[in-house]
Visitor: 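My structure is below; once you've seen it, I'll send some questions.
Quick note on labels: first sequence line is chain A, next is B, and so on, each numbered from 1.
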Amino acid sequence: MDTQAYREIAWNGIWKQNCGIVQILGLCPILAISTNIVNAVSLGLATILVMAMANLVIAALRNFIPYEIRIPVFILIIAALVTVVDLAFNAYLHELYLVLGIFIPLIVTNCIVLARVEAFAAKNEPGGSTVDGIAMGIGLTLVLAVLGAMREVVGSGTLLSGIDMLIPGAQPIVLFGADYPGFLIAILPPGAFIALGCLIAGRNWIEARKQARARANPPAPSAPADAPAEPA
Amino acid sequence: MSEPTALGLSARTGGVMVAFTIVFTALMAFTYGATKDQIDASAAEEKMKLISEVLPPASYDNLLLDDYAALGPTRELGLDNGGRVYRARQAGQPAALILETTAPDGYSGRIDLIVAVRADGSVSGVRAVTQRETPGLGDYIDPKKDKDKKAPWITQFTGLEAARLPQCKVKKDGGDIAYHTGATISARAVTNAVARAARYAADNQNRLFAAPSGSTL
């Protein structure tokens with residue numbers, strides 16, 4: 001695989017097929033965890049790690065997995081990897097585990113991991129698959145970070161609360177003063193749906209504008225048309 | 001190559017599945033074995049850190065984590081599945097009890113607490129161990145989430161004297177404990193659980209301190 005192909009995979013994961021706002025996969029952890037930016041990014045980082053590992057291992061083993069039983073084998077491998085990561089973090093990176101620990105088991109329930117394994121790693125080489133896992137994870141982390149920031153600012157009037165868990169001594173930013181009464185719906189699940197809806201709308205708007213501009217100035221015939229990404 | 005029979009296909013895929021299961025179970029078992037000691041040490045360290053927040057380490061001189069009595073299901077402490085009471089002693093004399101207790105009536109389910117009660121009946125300190133109260137609203141019962149970093153809500157229980165325990169209720173219920181408007185339920189659940197634990201410790205003090213270490217009451 002050449003650099004161009006890797007770049008293609010990375011762009012797919014981060015923008016064109018972003019699992020949060022295009023494929024709309026893994027809503028359960030996205031909505032549950034994005035109440036503030038620190039939690040959201042922490043879950044994103046843990047997901048990047050697990051997705052890269054799952055894609056790498058399954059791409060490496062893909063020729064040994066019979067097609068008929070691939071899904072149970074994938075689930076077995078993902079669950080085993082998550083357990084190993086969970087135990088290793090708990091034992092050797094205990095400080096980090098205290099922050100990320102509760103998120104790692106949640107990743108097993110995340111259908112993004114299984115979706116990327118089935119759609120990409122089962123058919124591609126380990127190198128490209130690892131890049132795909134990392135890119136998809138980064139795409140998800142960006143969505144989580146924006147969502148977490150939106151909900152935290154509106155809901156609690158702060159930014160980066162809990163940052164002292166990652167960087168001891170760091171202070172969260174208080175935006176509206178200590179007596180900000182909070183806006184509860186932003187913190188509760190309905191707020192997550194509304195904020196995610198705004199993000200999806202925003203992305204669609206950018207894509208639609210890009211297409212309209214492409215129609216207004218037709219590209220040179222040699223350039224390939226940029227097909228709009230279909231939600232999965 | 002001929003088309004495989006149904007039986008042959010089943011045997012082959014079944015065999016592959018079993019092989020994968022064995023390999024990955026072995027991987028997990030190996031990791032578990034390799035990390036267990038380290039994880040246990042970290043958990044004990046974490047527990048001591050939490051205990052040191054409710055009871056100053058200078059007020060006892062025994063090995064706290066080894067000196068405990070196990071409780072069966074105890075309704076007074078909200079423990080459906082039992083829990084532990086750690087006994088702090090100073091020069092062999094009872095100093096304080098550290099009780100695991102649960103407030104069953106939090107806004108989002110159970111709130112697990114540790115409550116340290118000194119031998120004179122006063123509350124030494126309280127911390128939430130696990131809680132799922134609404135983020136930004138009821139979660140101020142956990143000092144890590146409390147926006148008031150100088151005097152977190154839960155420090156109201158620190159050094160609460162035995163004589164004031166009858167007033168260990170939230171102000172809405174006629175007691176002394178302040179709470180945040182709009183999030184009474186979390187505060188009330190914790191406050192009542194602390195009062196119950198303090199009363200239980202006072203009523204059962206002799207029995208709890210006398211029980212042999214590691215025994216089940």
Side-chain angles (χ1 to χ4, degrees), chain A residues 32-36 39 57-58 61 64-70 72-95 97-98 101-102 151-152 154-158 161-162 164-165 171-172 174 177-184 186-188 191, chain B residues 4 6 8-47 49-50 107-108 130-140 142-150 180-183:
Chain A
I33 296 303
S34 61
T35 51
N36 70 47
N39 277 356
V57 170
I58 286 170
L61 295 173
F64 301 103
I65 301 172
Y67 182 77
E68 296 82 2
I69 54 161
R70 68 194 188 288
V73 172
F74 292 162
I75 293 173
L76 175 76
I77 293 175
I78 294 168
L81 286 177
V82 171
T83 308
V84 168
V85 169
D86 187 57
L87 289 168
F89 260 61
N90 193 350
Y92 303 116
L93 298 166
H94 196 71
E95 291 296 311
Y97 182 78
L98 293 179
I102 53 168
R151 293 178 69 190
E152 194 182 348
V154 177
S156 324
T158 60
S161 79
D164 52 319
M165 291 193 300
Q171 286 296 319
V174 179
D179 53 352
Y180 180 66
F183 192 58
L184 189 57
I187 292 168
L188 296 179
Chain B
L9 190 67
S10 306
R12 196 173 63 87
T13 52
V16 172
M17 189 76 218
V18 168
F20 268 105
T21 311
I22 291 172
V23 169
F24 280 90
T25 309
L27 178 71
M28 283 191 279
F30 172 77
T31 317
Y32 177 78
T35 54
K36 188 171 184 312
D37 290 345
Q38 187 72 36
I39 290 173
D40 287 350
S42 307
E45 192 183 317
E46 212 175 304
K47 201 155 200 171
K49 213 168 116 196
L50 198 64
Y107 191 75
S108 309
T130 50
Q131 56 91 14
R132 289 182 294 274
E133 299 305 287
T134 317
L137 193 68
D139 65 349
Y140 64 89
D142 183 349
K144 287 196 285 292
K145 303 284 169 65
D146 200 331
K147 278 186 209 161
D148 186 350
K149 293 289 174 203
K150 285 194 204 78
H180 293 197
T181 313

Visitor: Below 4.5 Å, heavy atoms only, C-beta onward: do A:Y67 and A:R70 meet side chain to side chain?
Guide: yes

Visitor: Heavy-atom cut-off 4.5 Å, strictly under: side chain, backbone, both or neither for B:E46 against chain A?
Guide: side chain

Visitor: Go through the atoms of A:I187 and report whether side chain, backbone, both or neither lie under 4.5 Å from a heavy atom of chain B.
Guide: side chain

Visitor: Hey, is CD on A:E68 packed in by over 12 heavy atoms from elsewhere, all under 6.0 Å?
Guide: yes

Visitor: What part of B:F30 gets within 4.5 angstrom of chain A, counting heavy atoms only: side chain, backbone, both, or neither?
Guide: neither

Visitor: Listed by chain and number, what are the side-chain hydrogen bond (donor to acceptor under 3.5 Å, both in side chains) partners of A:N36, not counting sequence neighbours?
Guide: none

Visitor: Against chain A, label B:T181 side chain, backbone, both or neither, depending on which of its atoms sit under 4.5 Å from a heavy atom there.
Guide: neither

Visitor: Picking from A:L87, A:T158, A:V174, A:I65, which has the most non-hydrogen pairs under 4.5 angstrom with chain B?
Guide: A:L87

Visitor: If we define contacts as heavy-atom pairs under 4.5 Å, which of A:T35, A:T83, A:I77, A:L81 has the most with chain B?
Guide: A:I77

Visitor: Given side chains that start at C-beta, do those of B:F20 and A:L61 come closer than 4.5 Å, heavy atoms only?
Guide: yes

Visitor: B:Y32 vs B:I39, test: side chain to side chain contact (heavy atoms under 4.5 Å, CB included). Steps then yes/no.
Guide: CA-CA 9 Å; B:Y32 177 78; B:I39 290 173; over 6 Å; no

Visitor: Can you list every pair that meets salt bridge (Lys or Arg N to Asp or Glu O under 4.0 Å) and has a residue in residues 25-37 of chain B, with sequence neighbours left out?
Guide: B:K36-B:D40

Visitor: I'd like to verify something: which residue of B:Q38, B:M28, B:E45 has the highest number of heavy-atom pairs under 4.5 Å with chain A?
Guide: B:M28

